[in-house]
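This report concerns only the one structure given below.
Residue indices begin at 1 and follow the sequence shown. Counting starts at 1 for both ligands and their atoms, in listed order.
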Amino acid sequence: MQLANFAEGKWIQSNEGARELRSAITGDVIATASTSGLDFKMMLDYGRRVGGPNLRRITFHERAHMLKALAKYLMERKDALYELSYETGATKKDSWIDIDGGISTVFVFSSKGRRELPDDQVYIDGTVEQISRTGTFLGQHVCTSLQGCAIHINAFNFPVWGMLEKLAPTLLAGVPAIVKPASSTSYLTEAVFKLMVESGILPDGTIQLICGSVGDLLDHVTCQDVISFTGSATTAQKLNQHPAVVKNATRFIAETDSLNSSILGPDAAPGSPEFDLFVKEVVREMTIKAGQKCTAIRRAIVPADYTGDVIDALKARLAKITIGNPRDESVRMGALASQGQRRDVKEKIEELAGENEIVFGDLAAFDVVGADRDKGAFLPPVLFHCDNPYDKTMAHHVEPFGPVSTVMPYKDFDAALQIANMGEGSLVASLFTHDGDVARRAVLGAGAYHGRMMILDRTSAAESTGHGSPLPHLVHGGPGRAGGGEEMGGIRGVMHYMQRTAIQGSPNVLTSVTKKWVKGATEIKGPEHPFRRYFEDLEIGETLISAEREVTLEDVEKFAEFTGDKFYAHMIEEAAAANPFFDGRVAHGYLVLSFAAGLFVEPDPGPVLANYGLDNLRFMQPTYPGDTMKVRLTVKQKTPRNEEYGEVRWDVEVTNQDGETAAAYDLLTMNAMQG
Ligand code: NAP
């Protein structure tokens with residue numbers, strides 16, 4: 001199989017200088033990859049010239065729908081991918097993480113895009129900043145799509161997830177991408193990529209693929225491009241220091257090595273549920289994907305008194321792991337991705353063995369089921385014991401990217417956190433404890449060194465997603481040797497591909513830019529009551545000024561009686577007057593809201609389907625019996641939900657007879673579309 005590159009909308013293959021890619025199971029050549037003949041400068045240019053405008057033309061919601069269609073398309077065709085995935089050494093379970101996990105990530109970004117982003121091209125970041133006395137000159141941060149290309153350089157361990165977890169937020173942001181998978185497993189990435197192209201769902205120019213060397217690609221990056229790299233710290237440093245990257249301050253997101261740790265809490269004695277959960281998790285993290293996970297537990301930090309029990313329990317479980325051809329159903333752990341990878345892990349194991357004792361795993365004698373032990377890239381799980389993690393520090397620095405972990409004892413919990421932090425920054429740390437104080441101490445003492453912390457106990461274990469699973473909702477990344485980057489984290493991940501700009505201007509200017517009405521902007525009088533208008537017809541700024549209504553003492557008493565809310569400030573004159581906020585009895589805030597609704601609601605059946613809630617409610621002035629109130633109701637923002645209805649956000653202001661604001665809030669309604 002000669003892998004193809006996808007450049008400037010065309011599949012391009014070459015044999016010149018091709019690299020041979022071998023099966024992790026049999027060692028046979030299964031594909032060749034070459035990028036000879038690619039014009040990398042033109043690829044960037046094509047992405048910027050064709051892909052970028054095609055994506056920026058459509059809204060976040062349209063991009064989110066596109067992602068959903070793509071995820072569905074891949075889901076329906078994923079079965080064909082498992083067979084190829086075996087060749088990477090992955091078991092069926094490993095492939096689920098890679099293939100199904102990748103597709104699910106696209107689904108999550110699609111759903112978040114529709115729920116958390118506007119149906120627009122401008123993302124509003126935060127609230128309006130009042131920077132002038134009367135509010136005629138305001139500030140608002142917004143984010144818009146970068147106008148370059150994203151270059152995704154991925155690691156070999158998750159050829160599908162690694163591509164999709166980066167593509168989903170990038171495309172949602174409106175930025176085209178050039179994907180460069182790690183060569184050794186790029187045949188699987190290419191197979192998925194072919195499906196994506198064949199689907200015809202993505203607009204022209206939005207994705208391109210490089211299987212092999214990137215040539216002079218980085219020479220041509222600009223300030224509008226983003227490089228998102230996953231791999232070793234050495235490569236990250238090299239690429240980050242590329243002259244064009246430095247000169248143009250090109251964004252560089254790095255996810256690199258990580259000596260992740262898991263701590264057994266001081267309360268988790270042998271026999272406790274947390275002890276058992278810890279043992280299970282360490283073994284799982286050592287063996288899933290043959291330990292080739294950037295998030296795998298490399299250091300198991302345990303109370304000194306329990307070290308022997310932990311090692312015995314881990315050994316007992318590890319002894320049950322069957323290694324071999326992942327097509328064999330009895331196999332729990334497949335092969336490493338390549339012979340090169342196996343060599344690398346063996347070297348790292350030798351380094352660690354200089355300082356630490358191997359308590360499980362024999363590189364010279366282990367069984368392999370259904371495959372030749374030496375032709376495939378097989379290794380047994382190897383467990384080390386480091387008896388002094390302060391002086392013997394190698395296990396904090398050497399990352400064997402395979403089924404290897406080291407048990408380390410701690411004396412007290414502060415020492416455990418110190419040991420965890422000796423990894424100098426990691427993607428994830430986990431803690432197994434049933435003690436809330438221990439959990440808080442861990443976050444305060446180690447949070448700064450970790451991108452994610454999973455704190456597990458008996459109550460959350462059954463639904464836990466596990467130490468090693470990055471989730472699209474949560475940030476994936478970490479400080480220090482983890483690369484200092486951050487990916488995913490919901491909409492945070494989309495923002496890596498957008499530029500934040502502070503916009504200054506009048507309320508009308510901000511309303512025009514953001515399509516969200518800003519107080520002080522023009523109030524439009526509509527042709528009829530806004531509740532009679534369909535979603536499509538309502539204009540941003542369309543305003544209803546209600547009639548007036550006096551609030552009487554009798555109203556307050558009736559409301560108190562009816563609702564049972566007889567709080568003294570509404571009922572007892574002297575007690576209310578003694579309160580620093582009031583001069584005497586005040587109307588209930590909820591009464592004011594209810595009267596406000598009574599003033600602006602149009603009662604007949606019509607396009608308004610439901611009241612969906614209130615946001616940002618503030619009572620700014622007390623409403624006293626005898627006050628007269630009126631309401632301004634303005635269409636602030638519209639967000640379609642589906643083909644039948646959309647959410648309308650109304651800016652509501654209740655004022656008194658002196659023009660003072662008594663209450664202000666956003667009202668949300670679901671409004672029918674005319675269709
Ligand atoms: P690597 O050698 O740094 O390779 C990573 C990627 O960089 C591959 O796609 C590789 O392509 C590419 N690359 C290498 N040199 C390049 C250059 N000069 N210009 C452009 N691209 C270049 O890393 P690895 O050894 O394959 O991966 C294992 C490491 O990745 C481990 O340390 C692991 O911890 C880390 N990792 C981190 C995460 C995370 O999310 N933090 C996830 C997975 C893995 P070729 O394959 O074609 O050389």
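- Evaluation of the salt bridge (Lys or Arg N to Asp or Glu O under 4.0 Å) test over residues 469-492, restricted to residues two or more places apart or in two chains, returns Lys166-Glu487, Asp257-Arg481.
- In summary, the side chains of His396 and Arg299 do present a donor paired with an acceptor at a separation below 3.5 Å, with no hydrogens or angles considered.
- Glu357 pairs by the side chain to side chain donor-acceptor pair (under 3.5 Å) definition with nothing, not counting sequence neighbours.
- The salt bridge (Lys or Arg N to Asp or Glu O under 4.0 Å) check on Arg49 picks up Asp45, with sequence neighbours excluded.
- Between Phe229 and Phe252, the ring-plane angle classifies as parallel under the 30° and 60° cut-offs.
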Tabulation required: pairs of a nitrogen or oxygen in ligand 1 and a protein nitrogen or oxygen under 3.5 Å; columns are atom names and distance to 0.1 Å; otherwise 'none'.
from, atom 1, to, atom 2, distance (Å)
ligand 1, 3 (O), Ser232, N, 2.9
ligand 1, 3 (O), Ser232, OG, 2.7
ligand 1, 3 (O), Thr235, OG1, 2.6
ligand 1, 9 (O), Asn154, O, 2.6
ligand 1, 9 (O), Ala182, N, 3.4
ligand 1, 11 (O), Lys180, NZ, 3.1
ligand 1, 23 (O), Ser232, N, 3.2
ligand 1, 30 (O), Gly231, O, 3.3
ligand 1, 32 (O), Asp257, OD1, 3.1
ligand 1, 32 (O), Glu399, OE1, 2.7
ligand 1, 34 (O), Glu399, OE1, 3.2
ligand 1, 34 (O), Glu399, OE2, 2.7
ligand 1, 40 (O), His476, NE2, 3.0
ligand 1, 41 (N), Thr256, N, 3.4
ligand 1, 41 (N), Thr256, O, 3.0
ligand 1, 46 (O), Ser183, N, 2.8
ligand 1, 47 (O), Lys180, NZ, 2.9
ligand 1, 47 (O), Ser183, OG, 2.6

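- The pair Glu83-Arg327 meets the salt-bridge criterion, with a side-chain N (NZ, NE, NH1 or NH2) lying under 4.0 Å from an Asp/Glu carboxylate O.
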